[in-house]
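Have a look at the structure below, then the notes.
Everything numeric in this text was worked out from a predicted model, so none of it was measured. For the numbers below, each heavy atom of this structure counts, side chains included, while hydrogens, waters and symmetry mates do not. Labels below follow one simple rule: chain letters A, B, ... track the order of the sequence lines, proteins then strands, and each chain is numbered from 1.
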Amino acid sequence: MKNVRIFYKKLGSMKFVSHLDMTRFMSRLIAKSKIPVWYTEGFNQHIYMNFALPLSLGFEGFYEMVDIRLIDDSYSLDTCLEALKKSSPTDIEFVKIHEGKMPMKSIGFARYELEFESFDFADTLNDFLNKDSILCEKIGKKGKVKEIDLIPKIKSFKITQKGVDLILVAGSEDNLNPTLVIDTFFTQCQIKLCYYTVKRTMIYNLDGEIFE
Amino acid sequence: METYDFEKLLLSVQKPGRYSGGEINSVVKDKKEVDVRFAFCFPDTYEIGMSHLGMKILYSQFNSREDIWCERVFAPWLDFEDKMREQNIPLFALESRDSVKDFDFIGFTLQYEMAYTNVLNMLDLAGLPLKSKDRKDLSPIVVAGGPCACNPEPLAEFIDIFFMGEGEEVDLEVIDLYKEYKKKGAAKDEFLLAASKIEGVYVPSLYSDEYNEDGTLKALVPQNNVSATIKKRIIKDLDKSYYPEKFVVPFIEIVHDRAVQEIFRGCIRGCRFCQAGFIYRPVREKSVDTVNRQAKCLCENTGYDEISLSSLSTSDYRAIEPLLNNLLEWTEDSHISLSLPSLRIDNFSEELLEKIKHVRKSGLTFAPEAGTQRLRNVINKNLTEEEILNTCRTAFAGGYTAVKLYFMLGLPTETDEDVVGIAELGQRIVNEFYSMPNKPKGKGVTVSISVSTFVPKPFTPFQFEPQISLEEIRRRQELLKNSITTKKINLSYHDSATSFLEAALARGDRRMSTVIEEAYKMGCKFDGWTECFGPQKWYDAFKKCGLDPEFYANRTREYGEITPWEHIDVGVTKDFLVRENKLAHQNKTTPNCREKCSACGANCYGEGVCFEKR
């Protein structure tokens, strides 16, 4: 049995698929591809899958990954990738596959590229992100509202032609969703709400290296 | 609409996966390469429509033809409809996102009367006139089929063509005829007249309705020498008929999110309230080999980890045990679980229970329908209390601790004793559990009793019967509630106003079209959804049209009265329905089709259970 990390892009209409739906979708896709995968052995047996970082509904992902386990050691990774490619719809693009070089828990940052429908507040955004601290309220998992500072969680940012590239803390320990940054910006700087698209383009480890 | 704008729109509504399309196995063709575009409309939400087997069959079958492109359309939920109307986005098909107005056919499947206003709403969202006579062009032709089409009259003003019975053959015959008429540039009238000659096709505009002074139907007069009766179509050999090799697999969770394998059509039982039990006659089975092959193929092409066997009464499949053995041979290794809905309580054997124990255990659901033996005889639910208790005992011994029971209130001849009998039956099941020495340890029992209100339907022996009044329904619900003394029984019941309107619509005549239109204009839609349903608007609509819902719902019909569905021939004869009605009033049962033929008339199709060797 070996652990295998599958890298894929989640594009176009797939961005309307929530994380929960995505797990169901991926398990059917794997079953359909007839890859010899390991099933959990609990009461409700299902394909073992470990997703790196959930992607919010509405975001496109260019560096998504999921770990599965192959029970047949002689089954090659290339065959596995081909099988997946063959059964996937157009908006899921399987890119590469390897045995996973870093543990999932070493994920530290993710890069998001945001584009605004009309971007006429570049300077205001720049000033906002350059502040020493940005306090805002975050609703935790249990519905508790707590005040957090965004600045330590923003590793770096770059204003672009149509928006901003953000590198934010990510992972199971601490995670910052770019919509919280932008919503806070809209509210605190009194900018009129504006539609924007989000692409998650890269995931890094705690040392800032590309996650593999 | 540009993809960017469309995506922006979708992100502003709930469950965008309902509208995004692009699911695995959805069919995208080049519109220039096809002759006929068919918009298959389900007048309810995506989650409900996508669970419907008939749509899956016809979608795949139509698309298996190179010259046809069939796409799916569902009723947009309220939030999305608001956006569509606000931004002038017409009703579109999921695959191409093209407006359905430009399609050749717009086809509705009618599963439930309370979806009728959604049919109108979808036509309106498409930008089409609601009434058949106001749509002058050859296309789009608005067609409809499904169980509710067996009384087509309430929607007669809106639909161009109704398909009677099973669609696999007749739909394609009509599409082929349309191709021919489209090519020669024919007018809509010419096409409709020609289509009406095809067996199973009903063109309501070719019949005119006349009424007696008492408001009952006098006659439905055929025009232009069209046939006075329309005969339902059936597929004679299910082993040879089309069955999809793959289903569209939705991204979002739907109501029945699994592969569905049909095993037979029709039902041998003849429960007197059940419309499906009569309109799908005669019973026709698929062979074990066919079922096994098709089921395997479906699982392989969808990746579903659950397959459900579909029929009106699964345990009546003659070869159920060999079938389960064959299926379990591969499903277990592939981690696929098998579910068997519609099991009957009386032939639920220990072996069968043992077999389904191999797979994921879900709840145990039975439908005794009535609380006393006398009333179960009236409705021809040939099932004794001893059998119910026996089955529960078997199930409890097998580790089940929750039982769900379905009942109906207001069945013909029902007395207070019968109502209280429901609570008593529930209590006896609870007692049975606690009296068992081998009951599951450390667990209590839960008996859930779900009570709906009886709705008399066309083509059943109870089509002549009145529905009890709203006040009476409520009184009996109270009586039942007060008869339950244990917390081990959970009681829930359906909304009675919904059942009342369902009863009025189910047996409505053509004048009901104006009521439905009026109700729709007053804002009725998604009437099957508690959060949307407003009975007062419906009562106002009836009033405005000068009609009385009680005339349709609560009136006893004489055997001799001409029903609005008199011109539809589903095989089962009216004589038979009358005989059955009389037997019901004598508390007498009728044996099932395999025990003894009761000459219902369905043998006119020359197929199925009527000709099985016994």
So with a 6.0 Å cut-off around [atom1] of [X], is the heavy-atom count from everything else above 12?
X      : atom1 : value
A/I210 : CD1   : no
A/K158 : NZ    : no
B/K404 : NZ    : no
A/K34  : NZ    : no
B/E66  : CD    : no
B/E245 : CD    : no
A/E137 : CD    : no
B/K296 : NZ    : no

How many angstroms lie between atom OG1 of B/T302 and atom NZ of A/K32, to the nearest 0.5 angstrom? 8.0 Å
Value for CZ (B/F251) from CG (A/L20), rounded to nearest 0.5 Å, stands at 14.5 Å
Within residues 10-31 of chain B, which residues come under 4.5 Å of chain A, heavy atom to heavy atom? B/L10, B/L11, B/P16, B/G17, B/S20, B/G21, B/G22, B/I24, B/N25
Of all the residues in [range], which have a heavy atom that comes within less than 4.5 Å of a heavy atom in chain B?
range                     : result
residues 21-30 of chain A : A/D21, A/R24, A/F25, A/R28, A/L29
residues 68-79 of chain A : none
residues 4-18 of chain A  : A/G12, A/S13, A/M14, A/K15, A/F16, A/V17

Side-chain contact test, heavy atoms from C-beta onward, threshold under 4.5 Å: evaluate it for B/H335 versus A/H46 and give yes or no. no
Please assess B/K8 against A/E117 for the test side chain to side chain contact (heavy atoms under 4.5 Å, CB included), listing each intermediate value before the final yes or no. CA-CA 10 Å; B/K8 181 180 164 187; A/E117 193 167 26; 2.8 Å; yes
Show the nearest heavy-atom pair for residues B/E7 and A/Y195, with the distance to one decimal.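 The answer is C-OH, 3.9 Å.
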